[in-house]
Q: 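Quick one: structure below, then a few questions.
All values reported here derive from a predicted model rather than from experimental measurement. Side-chain atoms are counted along with the backbone in the values below, which use heavy atoms only and exclude waters and symmetry mates.
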Amino acid sequence: RWNVDVNLSRDGVAHVNAELEMDFSKTFGRGPVFVLPTRQPGGEDGQFYRYEISGIQVSSSTAPDQTQTTEDKEGNIQVRVGDANRYLHEKHTYQISYTVTGLIAPNHPKSHLDEFNWNVIGNWRGRINNFKVKVTGPEDVSKAACWTGNNYKQSCTSGSSGKTATYSLPSVSPGTPVQVVAGFPAGTFPGVTQNVTKDPTLLELASEAYSLNPVTGATTAVL
């Protein structure tokens with residue numbers, strides 16, 4: 001089970017709170033591992049959208065919740081949860097929270113909306129059942145959309161009511177990404193810009209990893 005709540009403030013900060021239940025009678029391990037990328041290639045050669053992740057906190061009322069956070073040479077933040085000396089054999093629930101900046105594409109050239117665009121799941125190894133995402137912003141949602149599948153061509157259930165957009169899937173196969181987009185009226189996030197840099201040394205690797213994204217914008221994957 002995976003439920004995610006995202007609250008967007010007017011300064012473009014996404015406050016993420018996720019709860020997941022893992023069944024270790026089916027998945028042998030000591031706890032979840034989250035990988036949070038801090039950049040994504042854009043539409044031009046060598047162009048990258050960069051974003052900041054901070055305030056990472058993990059807790060569990062039923063399992064060891066010690067965390068070890070590392071960052072690799074490409075800027076991905078890895079969070080390992082659990083006791084290295086204890087394997088788990090039951091269902092356990094975890095909460096992870098953090099903030100992300102850079103996920104808002106202001107006045108998108110195609111939709112003419114301020115778009116929140118996020119890969120909630122990138123390459124999770126196990127099957128996920130009962131997958132739900134809720135995104136709440138400072139203004140009413142104009143449009144909501146959701147894609148899944150290896151080529152991001154399969155739509156998933158999405159809708160909106162007032163300031164909140166919701167997305168759901170009954171199940172997500174291992175390794176299948178899920179991307180959600182919520183569009184708000186242009187000007188909802190005044191003064192917010194995306195951090196765009198040039199990094200041609202990683203272009204070839206990044207193009208291979210992210211060439212399937214259907215919508216321009218930053219993503220946060222969870223492994």
Side-chain angles (χ1 to χ4, degrees), residues 1-7 14-38 40 53-72 74-100 103 118-136 146-159 164-180 209-210 212-213 219-223:
R1 178 174 57 84
W2 187 290
N3 294 334
V4 185
D5 283 347
V6 182
N7 287 284
H15 302 266
V16 180
N17 291 280
E19 180 177 275
L20 68 153
E21 181 185 75
M22 298 188 71
D23 187 352
F24 289 98
S25 68
K26 300 179 181 297
T27 303
F28 185 70
R30 291 164 287 196
V33 179
F34 303 93
V35 177
L36 309 175
T38 59
Q40 177 202 338
I53 298 174
S54 61
I56 300 173
Q57 294 186 347
V58 181
S59 63
S60 174
S61 60
T62 62
D65 55 10
Q66 300 96 311
T67 60
Q68 180 183 15
T69 302
T70 58
E71 184 173 338
D72 64 24
E74 296 178 7
N76 298 314
I77 299 174
Q78 182 183 88
V79 183
R80 302 180 68 90
V81 184
D83 184 342
N85 299 312
R86 177 182 169 186
Y87 284 94
L88 304 175
H89 306 285
E90 311 87 11
K91 291 182 180 179
H92 292 285
T93 301
Y94 298 86
Q95 291 81 29
I96 180 170
S97 62
Y98 53 94
T99 60
V100 189
L103 293 173
W118 188 39
N119 272 31
V120 189
I121 296 296
N123 189 26
W124 188 260
R125 293 184 180 180
R127 172 175 294 277
I128 300 172
N129 296 318
N130 190 17
F131 179 82
K132 296 180 180 180
V133 180
K134 181 173 70 174
V135 177
T136 302
C146 177
W147 294 277
T148 187
N150 293 330
N151 294 316
Y152 291 93
K153 295 194 183 272
Q154 178 184 345
S155 61
C156 40
T157 301
S158 63
T164 299
T166 55
Y167 316 85
S168 64
L169 280 164
S171 65
V172 182
S173 299
T176 302
V178 179
Q179 183 183 37
V180 301
Y210 290 95
L212 300 179
N213 283 1
T219 67
T220 297
V222 181
L223 175 62

Q: Could you walk me through whether Y87 and R30 pass the side-chain contact (heavy atoms from CB on, under 4.5 Å) check?
A: CA-CA 5 Å; Y87 284 94; R30 291 164 287 196; 3.7 Å; yes

Q: Using 0.5 Å steps for rounding, measure from the CH2 atom of W118 to the CD atom of Q179.
A: 11.5 Å

Q: Please assess T93 against T62 for the test side chain to side chain donor-acceptor pair (under 3.5 Å), listing each intermediate value before the final yes or no.
A: CA-CA 7 Å; T93 301; T62 62; 5.2 Å; no

Q: Got a donor-acceptor contact below 3.5 angstrom from the T38 side chain to the G75 backbone?
A: yes

Q: If you compare all heavy atoms of L88 against all heavy atoms of F24, which two are closest, and at what distance to 0.1 Å?
A: O-CB, 3.3 Å

Q: Working to the nearest 0.5 Å, report the span between CG of D5 and CG of N3.
A: 7.5 Å

Q: Compare every heavy atom of V4 with every heavy atom of A18, then report the nearest pair and how far apart it is.
A: CB-CG2, 4.0 Å

Q: Sorted by first residue and then second, give each side-chain hydrogen bond (donor to acceptor under 3.5 Å, both in side chains) pair with at least one member in residues 63-72; sequence neighbours left out.
A: D72-N76

Q: Atom CZ of F131 and atom CD1 of I121: how far apart are they, to the nearest 0.5 Å?
A: 5.0 Å

Q: Within the 4.5 Å heavy-atom criterion, are L36 and I56 side-chain neighbours or not?
A: yes

Q: If I compare all heavy atoms of P177 with all of Y152, which pair ends up nearest, and what's the gap?
A: CB-OH, 3.3 Å

Q: Mind telling me whether W2 and W124 have parallel, tilted or perpendicular rings, with 30° and 60° as the class edges?
A: perpendicular

Q: To the nearest 0.5 angstrom, please state how far the CZ atom of R1 sits from the CD atom of E19.
A: 4.5 Å

Q: Would T157 and C146 count as a side-chain contact (heavy atoms from CB on, under 4.5 Å) if you check the C-alpha gap in whole Å, the side-chain angles of each, and the deciding distance to 0.1 Å?
A: CA-CA 7 Å; T157 301; C146 177; over 6 Å; no

Q: So, taking the atom named CG in D23 and the one named NE2 in H92, what distance separates them when rounded to the nearest 0.5 Å?
A: 9.5 Å

Q: Supply the atom-to-atom distance I128 CD1 to E21 CD, rounded to the nearest 0.5 angstrom.
A: 12.5 Å

Q: For residues 164-175, please give each side-chain donor-acceptor pair under 3.5 Å, one per line with the distance, not counting sequence neighbours.
A:
unit_1	atom_1	unit_2	atom_2	d
T164	OG1	T136	OG1	3.0
Y167	OH	V181	O	3.0

Q: What pair of heavy atoms forms the shortest contact from M22 to P32, and how long is it?
A: SD-CB, 3.5 Å

